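Structure, as structure tokens:
Chain A is the first sequence line, chain B the second, and so forth, proteins listed ahead of strands; every chain is numbered from 1. If you're wondering where the values come from, they're calculated on a predicted model, not measured in any experiment.
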Number of protein chains: 2
Amino acid sequence: MLKYQAIKEGLKKQIQQGVFKVGDYLPSESDLCTRFSITRTTVRKAMEELLKEGYIEKQQGKGSRVRERQTSLGLLTVKGFSEAVGQNIQTEFLQKPVLSVWTSEILFPVSDHDKTEQCLFFERLRMVDNLPVVLERNWFSGAVLPDFLKTQFVEGSFFKTLSRKYLIEVIGSSQELRAERAENHFAEVMQMESGTPVLHISIRFVTNNPQLTIYSELYCNTKKYPVGNSYFL
Amino acid sequence: MLKYQAIKEGLKKQIQQGVFKVGDYLPSESDLCTRFSITRTTVRKAMEELLKEGYIEKQQGKGSRVRERQTSLGLLTVKGFSEAVGQNIQTEFLQKPVLSVWTSEILFPVSDHDKTEQCLFFERLRMVDNLPVVLERNWFSGAVLPDFLKTQFVEGSFFKTLSRKYLIEVIGSSQELRAERAENHFAEVMQMESGTPVLHISIRFVTNNPQLTIYSELYCNTKKYPVGNSYFL
DNA sequence: ATGTATAACTTGTACGTACAAGTTAAATTT
DNA sequence: AAATTTAACTTGTACGTACAAGTTATACAT
């Protein structure tokens with residue numbers, strides 16, 4: 001294995017396992033040089049990659065600090081979730097993780113391999129000021145997640161749980177967006193009039209474990225809180 | 001100015017002006033080294049940035065080639081536009097660029113500076129198989145775009161025109177997504193039943209020219225063609 | 001004619017050095 | 001005590017060298 005990749009993976013694993021927590025500074029570049037008997041060129045290459053992948057942020061003169069890595073809704077975030085900190089945000093489980101079946105509600109094609117495995121499912125309702133904003137339904141194979149049904153979510157986050165307890169990271173995602181009429185069942189849960197437009201987001205999360213793909217269907221009431229994203233650079 | 005930035009900007013400008021066209025190979029790293037009397041470290045840093053910003057792609061053993069840079073809908077693309085090449089895709093101007101006024105239809109706040117400048121506007125309808133899929137309405141200040149109203153679009157693309165003729169690049173964007181009922185006017189243009197859900201995408205494009213921000217409002221019929229995007233790494 | 005080695009290119013990794021530039025805390029001066 | 005300088009850290013830029021690894025056309029051998 002290449003040296004810079006070894007360093008990078010080593011640091012990444014320590015970040016995932018919580019050896020370095022969010023906000024912590026990693027050892028300085030020269031520290032790592034002496035510790036692993038390599039040159040700064042190599043260390044910097046590793047750090048550059050961690051930066052690109054969103055694990056750290058750098059500041060000249062200070063150091064490299066572990067960053068909160070946001071992969072919550074893929075590239076999309078609901079306005080008011082991360083930004084509006086002052087808001088009263090709640091997440092309620094409508095269905096805790098259970099054994100379920102692969103359903104046609106999943107709009108991305110479920111891989112043949114996944115179909116042969118058991119299907120786990122959970123469903124959450126995200127609310128801002130007690131107003132339901134996003135209904136989130138998730139399916140995934142439980143094959144590579146031993147004891148998942150007995151596991152408590154790390155800090156209430158599914159992805160943090162995957163990272164911390166199973167060393168699984170999201171490395172990509174595909175999304176499809178549709179504007180639809182709210183069906184009766186959803187309208188009720190979302191406290192919307194039946195037939196009101198809802199933003200339907202289908203996501204397929206790809207992870208660093210080829211056996212784990214996560215399929216999510218999100219239904220958003222965008223009346224008060226539009227779904228937003230931005231990128232720069 | 002830093003050396004690697006100078007090299008990077010120089011190459012970028014040549015790509016924008018068409019000195020290096022899409023598919024062309026840039027001079028090799030050692031070529032650039034001798035030509036500008038710098039070391040490969042510096043050249044590689046410049047190339048790395050061009051890679052990150054999407055201007056080039058690299059292949060070990062072959063070289064660095066100019067890439068088609070897609071910033072069409074920000075991060076979102078309509079499924080069937082880029083992928084489904086075999087499809088019958090058309091773009092029709094409903095309104096060629098004209099002098100207009102800043103309107104409240106723009107959902108992102110228009111900057112105070114922009115408000116004092118003249119407002120240019122154009123409107124296009126994107127169709128797949130003669131079915132209207134996206135109605136695109138664009139506003140921007142004409143202050144830094146001399147003779148824009150007399151200018152032909154480069155390859156039918158607004159952004160290519162900005163790049164080629166004005167050396168202006170999109171460096172970021174913010175988006176907000178909403179599911180709405182189609183108003184009468186839109187429903188008619190889009191050949192939809194009035195009240196049908198439409199996906200409304202508001203975009204603010206930020207460019208490398210601080211005086212130019214582009215405001216776009218897109219209205220998408222997602223019934224047959226959902227809006228999609230994906231990212232990896 | 002056809003397959004094979006070679007040579008000349010390309011980018012990728014890794015070594016080592018030096019100094020610039022930003023940050024911070026301790027030492028020094030006022 | 002307070003302001004200022006200094007020193008010791010951090011990351012950033014740039015120098016130069018060497019070889020690995022992938023690509024391709026040409027020369028060579030079969």
Side-chain angles (χ1 to χ4, degrees), chain A residues 1-15 19-69 171 208 232-233, chain B residues 1-15 19-69 171 208 232-233:
Chain A
M1 197 192 208
L2 297 172
K3 285 195 180 182
Y4 82 88
Q5 276 185 7
I7 302 293
K8 170 184 147 192
E9 294 304 325
L11 289 171
K12 192 191 287 189
K13 186 161 286 185
Q14 288 183 292
I15 291 171
V19 179
F20 300 115
K21 296 180 180 50
V22 171
D24 287 356
Y25 282 92
L26 295 184
S28 76
E29 295 176 356
S30 36
D31 263 25
L32 294 169
C33 288
T34 56
R35 203 180 298 185
F36 297 105
S37 308
I38 52 178
T39 55
R40 235 184 105 207
T41 315
T42 308
V43 169
R44 281 183 67 77
K45 173 91 177 170
M47 302 287 264
E48 199 61 40
E49 299 256 307
L50 290 176
L51 180 72
K52 265 199 289 191
E53 294 179 25
Y55 287 94
I56 61 169
E57 57 193 356
K58 296 175 157 206
Q59 192 184 344
Q60 187 178 156
K62 292 192 78 170
S64 300
R65 190 163 39 170
V66 177
R67 219 190 66 158
E68 181 81 57
R69 199 162 170 264
I171 58 171
N208 56 358
F232 284 92
L233 258 168
Chain B
M1 197 192 207
L2 297 172
K3 283 196 181 181
Y4 82 88
Q5 276 186 7
I7 302 293
K8 171 184 147 193
E9 293 304 325
L11 289 170
K12 193 190 287 187
K13 186 161 287 184
Q14 287 183 292
I15 291 171
V19 179
F20 300 116
K21 295 180 180 51
V22 171
D24 287 357
Y25 282 94
L26 294 185
S28 77
E29 294 176 357
S30 35
D31 262 25
L32 293 170
C33 288
T34 56
R35 203 179 298 184
F36 297 105
S37 308
I38 51 176
T39 56
R40 235 184 106 208
T41 314
T42 309
V43 168
R44 282 183 66 77
K45 172 90 177 172
M47 303 288 264
E48 200 60 41
E49 298 256 307
L50 289 177
L51 181 72
K52 265 200 289 190
E53 294 180 24
Y55 287 94
I56 61 169
E57 56 194 357
K58 297 174 157 204
Q59 192 183 345
Q60 186 178 158
K62 292 192 78 171
S64 301
R65 190 161 40 169
V66 177
R67 219 190 67 158
E68 181 81 58
R69 198 161 169 263
I171 59 171
N208 55 358
F232 284 92
L233 260 167

Original post:
Can you find a heavy atom in the side chain of B/E29 that is under 4.5 Å from one in the side chain of B/L32?
Top reply: no

**OP:** Measure the spacing between CG of A/D24 and CD of A/Q14 and express it to the nearest 0.5 Å.
**Re:** 11.0 Å

Original post:
Under a 4.5 Å cut-off applied to non-hydrogen side-chain atoms, are B/Y55 and B/S64 in contact?
Top reply: no

**OP:** Run the numbers on A/Y25 and A/K62 for side chain to side chain contact (heavy atoms under 4.5 Å, CB included), then give the verdict.
**Re:** CA-CA 9 Å; A/Y25 282 92; A/K62 292 192 78 170; 3.3 Å; yes

**OP:** State which residues pass side chain to side chain donor-acceptor pair (under 3.5 Å) with A/K8; sequence neighbours excluded, sorted by chain then number.
**Re:** A/E49, A/E53

Original post:
What is the distance from CG of B/L50 to C1' of C/dT11, rounded to the nearest Å?
Top reply: 15 Å

**OP:** Report yes if at least one side-chain N or O of A/S30 is closer than 4.0 Å to OP1 or OP2 of D/dC9; otherwise report no.
**Re:** no

Subject >> D/dT11 phosphate, OP1 or OP2, under 4.0 Å from A/R44 side-chain N/O >> reply: no

Original post:
Is the closest basic N to carboxylate O distance between B/R67 and B/E57 below 4.0 Å?
Top reply: no

**OP:** Between protein and nucleotides 14-24 of chain D, map the contacts as a letter string: B base, S sugar-phosphate only, - none, heavy atoms under 4.0 Å, written 5' to 3'.
**Re:** SBB-B--BBSS

Original post:
Given atom CD of B/E48 and atom P of D/dG12, what is their separation to the nearest angstrom?
Top reply: 14 Å

Original post:
Atom CG of A/D31 to atom P of D/dA8: distance rounded to whole Å?
Top reply: 17 Å

Original post:
Once you round it to whole Å, what is the distance between C1' of C/dT23 and NZ of A/K58?
Top reply: 16 Å

